[in-house]
Number of protein chains: 2
Amino acid sequence: MAKINDNGVLREANCSEELMAMRDSLDVLGGKWKLMILRFLTNRTHQVIHFKKMQREIDGISAKMLSKELKELEINLLISRAAQDTKPVTVVYAITEYGKSVLPVTETLVNWGITHREKIIESLK
Amino acid sequence: MAKINDNGVLREANCSEELMAMRDSLDVLGGKWKLMILRFLTNRTHQVIHFKKMQREIDGISAKMLSKELKELEINLLISRAAQDTKPVTVVYAITEYGKSVLPVTETLVNWGITHREKIIESLK
DNA sequence: CATACTAGTTTCTCTTTGGTAACCGGTTAC
DNA sequence: GTAACCGGTTACCAAAGAGAAACTAGTATG
């Protein structure tokens, strides 16, 4: 859309809008852990996921970072948090319907990572 | 693939591989500027792009960061750098064929950013 | 009573990231 | 000569990111 000519004028406005949209995305999804957490929860919609389970299964994440990232994801309505009256207290985290809209992003990143690794291995031969 | 049962065992192995692939991607593409730069260059394949032009058109990036990020992208073969014997010296940056493989990633991020902004605006009404 | 579990929080520290501004060499236009 | 342009680099500094470890509170188990 709005790609009427190729001299760059209308295209440039379009491009800057695209970069702004990407900046919006990166502000919410950027950083070391957020997309990892979202992907993890998306893959486990059939399981009940607790804090400690996530910490054990997402490689390298500390309790501090996990806690902080979960809060931010909850504020942006990408995940839900539900404390249970069990003993000891357990908290169930899950991806929201809105959080599932991020799936295409993590999907492309997973695919790119796989082909990138293949390329690196190929280049070492 | 490998989704033989739903008790979590085979699925989990698959998931951890996915997270590793995403970690690989984020190591190369993560950070504040790399995907922005790649998207910018992808959109301008029909134009000659110099350092100063990028700095002017990628909102908020400093010469220091641009220089640093371009080096890292070049090392990973995602962009090419070609110094021209003009006066003053100009340097032409372009996306490589391999760099174009990142297009699906930036595309999903652009799309998600657009719908996310729409959602935020909607929620303010 | 000691230990262990969940779900975090707090403190301390180090590293990374990132911005500003000055600067460099070379060239060209006024 | 001086100012301006290109393509950066360097120095300085502040803020954020991130890890390790200790710690809290409540419950339960041995």
Side-chain angles (χ1 to χ4, degrees), chain A residues 19-20 22-38 40-41 44 47-76 78-95, chain B residues 19-20 22-38 40-41 44 47-76 78-95:
Chain A
L19 293 192
M20 283 168 58
M22 247 178 60
R23 174 55 61 223
D24 290 344
S25 293
L26 293 176
D27 284 345
V28 177
L29 306 175
K32 191 168 175 180
W33 298 112
K34 292 209 181 65
L35 287 170
M36 301 281 281
I37 293 168
L38 290 175
F40 179 82
L41 288 177
R44 308 298 182 96
Q47 286 180 40
V48 175
I49 303 295
H50 305 299
F51 186 91
K52 286 287 179 191
K53 183 169 181 99
M54 297 184 71
Q55 202 195 331
R56 276 192 301 264
E57 298 196 24
I58 298 178
D59 193 42
I61 196 166
S62 66
K64 187 183 89 171
M65 290 308 299
L66 182 55
S67 172
K68 188 190 135 217
E69 302 286 65
L70 288 173
K71 277 177 194 160
E72 295 177 13
L73 290 171
E74 197 195 351
I75 287 172
N76 283 307
L78 296 167
I79 65 167
S80 63
R81 197 195 107 110
Q84 311 285 307
D85 254 355
T86 53
K87 355 100 190 186
V89 175
T90 53
V91 178
V92 173
Y93 290 96
I95 192 128
Chain B
L19 293 192
M20 282 167 59
M22 245 177 61
R23 173 55 61 222
D24 289 344
S25 293
L26 293 176
D27 284 345
V28 177
L29 305 175
K32 191 168 176 180
W33 298 112
K34 292 208 183 65
L35 287 169
M36 302 280 282
I37 293 169
L38 289 176
F40 179 82
L41 288 177
R44 307 300 182 94
Q47 287 180 40
V48 175
I49 301 296
H50 305 299
F51 186 90
K52 287 285 180 191
K53 184 170 181 99
M54 297 184 69
Q55 202 194 332
R56 276 191 302 264
E57 298 195 25
I58 299 179
D59 193 41
I61 197 165
S62 66
K64 187 181 89 170
M65 290 309 299
L66 182 55
S67 172
K68 188 189 136 216
E69 302 285 65
L70 288 173
K71 277 177 194 159
E72 296 177 12
L73 290 171
E74 197 195 351
I75 287 171
N76 283 307
L78 296 166
I79 66 167
S80 64
R81 198 195 107 110
Q84 311 286 306
D85 255 354
T86 54
K87 354 98 189 188
V89 175
T90 53
V91 178
V92 174
Y93 291 96
I95 192 131

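Just so it is clear, the structure is predicted and the values come from calculations on it, not from any experiment. Order of the sequence lines fixes the chain letters, A, B, ..., with proteins taken first and strands second; residue numbering starts at 1 for each chain.
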Quick one: A/Leu66 CG to C/dT9 P, roughly how many Å, whole number?
-> 10 Å
In whole Å, what is the span from the CG atom of A/Asp85 to the P atom of D/dA28?
-> 12 Å
Scan the side chains in residues 22-37 of chain A for donor-acceptor partners under 3.5 Å anywhere in the protein, sequence neighbours excluded, and list what turns up.
{"unit_1": "A/Arg23", "atom_1": "NH2", "unit_2": "B/Lys32", "atom_2": "O", "d": "2.8"}
{"unit_1": "A/Asp24", "atom_1": "OD1", "unit_2": "B/Arg117", "atom_2": "NH2", "d": "3.4"}
{"unit_1": "A/Asp24", "atom_1": "OD2", "unit_2": "B/Arg117", "atom_2": "NE", "d": "3.0"}
{"unit_1": "A/Asp24", "atom_1": "OD2", "unit_2": "B/Arg117", "atom_2": "NH2", "d": "3.0"}
{"unit_1": "A/Ser25", "atom_1": "OG", "unit_2": "A/Ala21", "atom_2": "O", "d": "3.4"}
{"unit_1": "A/Ser25", "atom_1": "OG", "unit_2": "B/Leu109", "atom_2": "O", "d": "2.6"}
{"unit_1": "A/Ser25", "atom_1": "OG", "unit_2": "B/Gly113", "atom_2": "N", "d": "2.9"}
{"unit_1": "A/Lys34", "atom_1": "NZ", "unit_2": "A/Glu69", "atom_2": "OE1", "d": "3.3"}
{"unit_1": "A/Lys34", "atom_1": "NZ", "unit_2": "A/Glu72", "atom_2": "OE1", "d": "2.7"}

Once each nucleotide of nucleotides 25-30 of chain C is scored for protein heavy atoms under 4.0 Å, what B/S/- sequence comes out, 5' to 3'?
-> -BSS--
Take the protein atom CD1 of A/Ile37 and the nucleotide atom P of D/dA18, then report the distance between them rounded to whole Å.
-> 11 Å
Criterion side-chain contact (heavy atoms from CB on, under 4.5 Å) on A/Leu19 and B/Asp59, from CA distance to verdict | CA-CA 8 Å; A/Leu19 293 192; B/Asp59 193 41; over 6 Å; no
How long is the line joining NZ of A/Lys52 and C1' of C/dG8, in whole Å?
-> 7 Å
Rounded to the nearest 0.5 Å, what's the gap from NZ on B/Lys53 to CD1 on B/Ile58? Could you check?
-> 11.5 Å
Separation of atom CD in A/Gln55 from atom P in D/dG19, rounded to whole Å = 11 Å
Show the numbers, then the answer: is there a side-chain contact (heavy atoms from CB on, under 4.5 Å) between B/Leu73 and B/Tyr93?
-> CA-CA 11 Å; B/Leu73 290 171; B/Tyr93 291 96; over 6 Å; no
Is the backbone of A/Val91 close enough, under 3.5 Å, to the side chain of A/His50 for a donor and an acceptor to pair up by distance?
-> yes
Give a yes/no on whether any side-chain N or O of A/Tyr93 is located under 4.0 angstrom from OP1 or OP2 of C/dG8.
-> yes
A/Leu70 side chain near A/Arg81 side chain, heavy-atom distance below 4.5 Å = no
Between C/dG8 atom P and A/Arg56 atom CZ, what is the distance in whole Å?
-> 14 Å
Length of the line joining A/Ile58:CD1 and C/dA7:P, which is rounded to integer Å | 14 Å
Treat primed atoms plus P, OP1 and OP2 as sugar-phosphate and everything else as base, then score nucleotides 12-23 of chain C 5' to 3': B for base contact with protein heavy atoms under 4.0 Å, S for sugar-phosphate contact only, - for none.
-> ------BBB---
Grab the CZ-C1' distance between A/Arg81 and C/dA7 for me, whole Å please.
-> 8 Å
